[in-house]
Amino acid sequence: MQSPRTRIVEVLQLQPPCAEVRVKGWLRTVRDSKQVVFLELNDGSSMGILQVVVDPSLPNIEDVRRLTTGSAVGVRGELVPSPAKGQTVELRATEVEIIGRAEADFPLQKKRHSFEFLRTIAHLRNRTNTYGAVFRVRSKLAHAIHCFFQDRGFVYVHTPIITASDAEGAGEMFRVTTLDPAAPPKTPEGRIDWDADFFARQAYLTVSGQLNGETFAIGMGDIYTFGPTFRAENSNTSRHVAEFWMIEPEMAFFDLDDNCTLAEAFVKHLLRTLLEDCAEDVAFFDERIDKGLTARLRHVLESPFERMPYAEAVKRLEASGQSFEYPVFFGANLQAEHERFLTETIIGRPVFVTDYPKEIKAFYMRRNDDGRTVAAVDLLVPQVGELIGGSQREERYDVLLQALEETGLSPQSYAWYLDTRRYGTVPHAGFGLGFERLIMYATGMQNIRDVIPFPRTPRHCEF
RNA sequence: UCCGGAGUAGCUCAGUCGGUAGAGCAGGCGGCUGUUAACCGCCGGGUCAGGGGUUCGAGUCCCUUCUCCGGAGCCA
């Protein structure tokens with residue numbers, strides 16, 4: 001059994017003096033002189049660094065002197081008030097155990113590295129202040145998401161990662177197969193014989209758990225999914241990865257209005273948790289990554305979210321006199337520049353844009369009585385643009401079937417989905433939130449590759 | 001995928017007019033100091049992204065390939 005340790009985040013809360021404190025962690029730096037050696041220790045439990053003071057009388061002092069940045073050590077000693085500036089307490093070591101020395105070519109230095117470089121050492125970058133903070137925030141927010149839904153009686157549904165549905169137009173899919181790519185079995189006509197594949201049909205990684213989620217909402221009431229999602233798009237941007245996490249709640253007996261109300265409460269719950277439980281990390285982001293972050297998050301937390309139909313949003317954008325790279329008109333997809341101008345300049349706070357033209361939205365969204373729009377909603381927030389996309393779902397069998405056919409999808413493939421509209425269909429609605437986009441918003445980090453531990457992007461699947 | 005920018009030591013970068021490859025940090029050795037991005041001295045460290053071309057001579061100019069970054073599209 002290993003000797004016990006106290007996490008540094010807790011040690012820094014203690015009132016010195018405290019005898020027999022034991023910590024373990026990794027060295028950020030070593031400063032040595034004849035009379036005394038200083039170690040700075042971090043263990044990932046917080047941003048905090050514990051200064052360890054080592055007296056030359058320790059038996060292994062020569063080895064301690066030669067410790068390198070990145071080395072793992074355990075220290076036993078007395079926590080005392082620090083006589084010098086820079087820290088309030090320090091650990092006077094009575095024993096320093098060298099657990100794992102970092103070799104001389106340890107790539108992290110006591111200076112600023114580019115995020116670009118740190119991405120190439122994703123297995124080590126969690127030892128830096130920024131990434132440590134990012135992944136602590138990520139963990140807290142994941143927990144907060146579960147708390148929000150569980151507290152409201154939602155059921156957490158594990159929707160499948162492997163799927164046979166040919167998407168809903170949500171992008172390119174990764175194929176899942178056990179066939180030998182060099183010599184796949186062929187049909188008499190010379191095509192690949194998918195009947196011989198593992199699932200006896202073509203299979204893919206999921207692009208969304210929504211359709212499966214809907215079937216559970218129609219039966220279990222309020223549900224949510226929270227899991228990985230895959231897109232094989234050749235997207236090379238700071239906002240796209242091939243593997244990411246999504247949260248998709250789905251609520252029975254809900255309309256678009258109810259959907260917005262829940263989404264607003266959801267976002268505010270997450271921001272409140274962030275500001276309360278990750279105060280130190282948020283302060284770091286505010287100071288080092290994105291000045292004004294805290295104020296922006298507080299502003300959103302305290303503002304009632306606006307609700308506005310797409311038609312009105314288009315009118316307001318047209319009337320603004322602002323010139324855009326892409327023109328605004330009814331029927332056009334709102335571009336990122338439009339979304340941001342709307343929420344930042346015209347409204348000045350988050351806004352739900354609702355009721356989009358049916359041509360630019362997915363087949364499962366509920367047709368409005370006007371015949372030309374669907375009950376869709378996007379939540380736009382300052383600085384980021386779209387954070388949430390959702391809709392009231394089409395619960396009428398005939399209308400859904402027609403929408404499916406108009407989209408060119410085969411009703412046979414969606415027979416199970418259509419069934420829910422034949423057996424006790426109900427009005428229902430839901431939305432999707434990209435977890436990494438949320439973390440970017442919460443931390444001010446500009447690149448999605450820096451908020452997921454091991455990002456998968458085109459040509460990148462290391463680690 | 002399209003447009004733009006970039007690629008020089010382990011990292012961050014400089015490199016003039018085309019003329020023997022540089023600094024800081026990191027590493028090793030030594031010194032010094034209750035230090036704190038510690039400091040001082042010495043030392044090791046390079047396929048200048050790859051290939052081709054122009055030239056007496058290319059990190060530098062030209063062509064090309066690759067990679068990365070940013071923006072766009074797609075979207076979350």
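All heavy atoms count here, side chains included; hydrogens, waters and symmetry mates do not. Residue numbers begin at 1 in each chain, while the letters A, B, ... track the order of the sequences. Since the structure is predicted, the reported quantities are computational estimates derived from the model, not experimental observations.
Proximity of A:Arg65 to the phosphate of B:G28: no side-chain N or O atom is located under 4.0 Å from OP1 or OP2. Between A:Ser82 and B:G34 there is no side-chain N or O to OP1 or OP2 distance below 4.0 Å. OP1 or OP2 of B:C69 has at least one side-chain nitrogen or oxygen of A:Arg449 nearer than 4.0 Å. Considering only side-chain N and O atoms, A:Ser238 lies under 4.0 angstrom from the phosphate OP1 or OP2 of B:G71. In this model, the phosphate group of B:G34 is not approached by any side-chain N or O of A:Arg92 to a distance below 4.0 Å at OP1 or OP2. Taking only side-chain nitrogens and oxygens, A:Arg31 never comes nearer than 4.0 Å to OP1 or OP2 of B:A37. A close approach under 4.0 Å does occur between a side-chain nitrogen or oxygen of A:Arg459 and OP1 or OP2 of B:C68.
At the heavy-atom level, A:Pro83 lies under 4.0 Å from base atoms of the strands shown. At the heavy-atom level, A:Ile49 lies nowhere under 4.0 Å from the strands shown. In this structure, A:Glu436 reaches neither bases nor backbone, as no heavy-atom distance under 4.0 Å exists between it and the strands shown. Note on A:Arg101: only backbone sugar-phosphate atoms sit closer than 4.0 angstrom, heavy atoms only; bases stay farther off. A:Asn236 comes within 4.0 angstrom of a nucleotide base, judged by non-hydrogen atoms across all strands. The residue A:Thr229 sits apart from the nucleic acid: no heavy atom pair falls under 4.0 Å. Heavy atoms of A:Thr120 sit nowhere under 4.0 angstrom from any nucleic acid atom. Using a 4.0 Å heavy-atom cutoff across all strands shown, A:Glu243 reaches no nucleic acid atom at all. Residue A:Phe38 is classed as a base contact, given a heavy-atom separation below 4.0 Å to a base. If you check every strand for non-hydrogen atoms under 4.0 Å, A:Gln109 touches a base. Contact annotation for A:Tyr326: backbone-only contact, meaning every heavy-atom pair under 4.0 Å involves sugar-phosphate atoms and none involves a base. Contacts of A:Val241 with the nucleic acid, taken as non-hydrogen atoms under 4.0 Å apart, include base atoms.
Counting only N and O atoms by type, the side chains of A:Gln51 and A:Arg31 include a donor and acceptor under 3.5 Å apart.
Donor-acceptor pairing under 3.5 Å, judged by distance alone, is present between the side chain of A:Gln87 and the base of B:U35. One N or O donor and one acceptor, one from the side chain of A:Ser235 and one from the base of B:C74, sit under 3.5 Å apart. Donor-acceptor pairing under 3.5 Å, judged by distance alone, is absent between the side chain of A:His113 and the base of B:C11. Interface remark: the A:Arg66 side chain does not form any donor-acceptor pair with the B:G27 base, using a distance-only criterion of under 3.5 Å.
In this structure, A:Arg456 is not positioned above the aromatic face of A:Phe454 in the sense of NZ or CZ being under 6.0 Å from the six-membered ring centre and within 45° of the axis. Judged by the 6.0 Å distance and 45° axis criteria, A:Arg372 is positioned over the aromatic ring of A:Phe330. Annotation: cation-pi geometry satisfied between A:Lys268 and A:Phe305 (NZ/CZ under 6.0 angstrom from ring centroid, within 45° of ring axis).
Atom CD1 of A:Ile448 is separated from atom C1' of B:C74 by 14 Å (rounded to the nearest Å). Atom CD in A:Glu233 sits about 15 Å away from atom P in B:C2, given to the nearest Å. In this structure, CG of A:Leu108 is placed 13 Å from C1' of B:C25, rounded to the nearest angstrom. For A:Glu103 and B:A26, the CD to P distance is 19 Å, given to the nearest whole Å. Atom CD1 in A:Ile121 sits about 9 Å away from atom P in B:C11, given to the nearest Å. For A:Ile360 and B:C74, the CD1 to C1' distance is 14 Å, given to the nearest whole Å.
Taking both residues in full, the closest heavy atoms of A:Val300 and A:Pro350 are given as CG1-CG, 3.7 Å, listed atom of the first, atom of the second, then distance.
For A:Lys34, whose side chain is taken as the heavy atoms from C-beta onward, the closest listed nucleotide among B:C32, B:U35, B:C68 is B:C32.
Salt-bridge formation is not detected for the pair A:Asp55/A:Arg92: no Lys NZ or Arg NE/NH1/NH2 atom is positioned less than 4.0 Å from an Asp or Glu carboxylate oxygen.
For the C1' atom pair drawn from B:G52 and B:U20, the interatomic distance equals 25 Å after rounding to whole Å.
In the displayed structure, A:Phe216 atom CZ is contacted under 6.0 Å by at most 12 heavy atoms of other residues, nucleotides or ligands.
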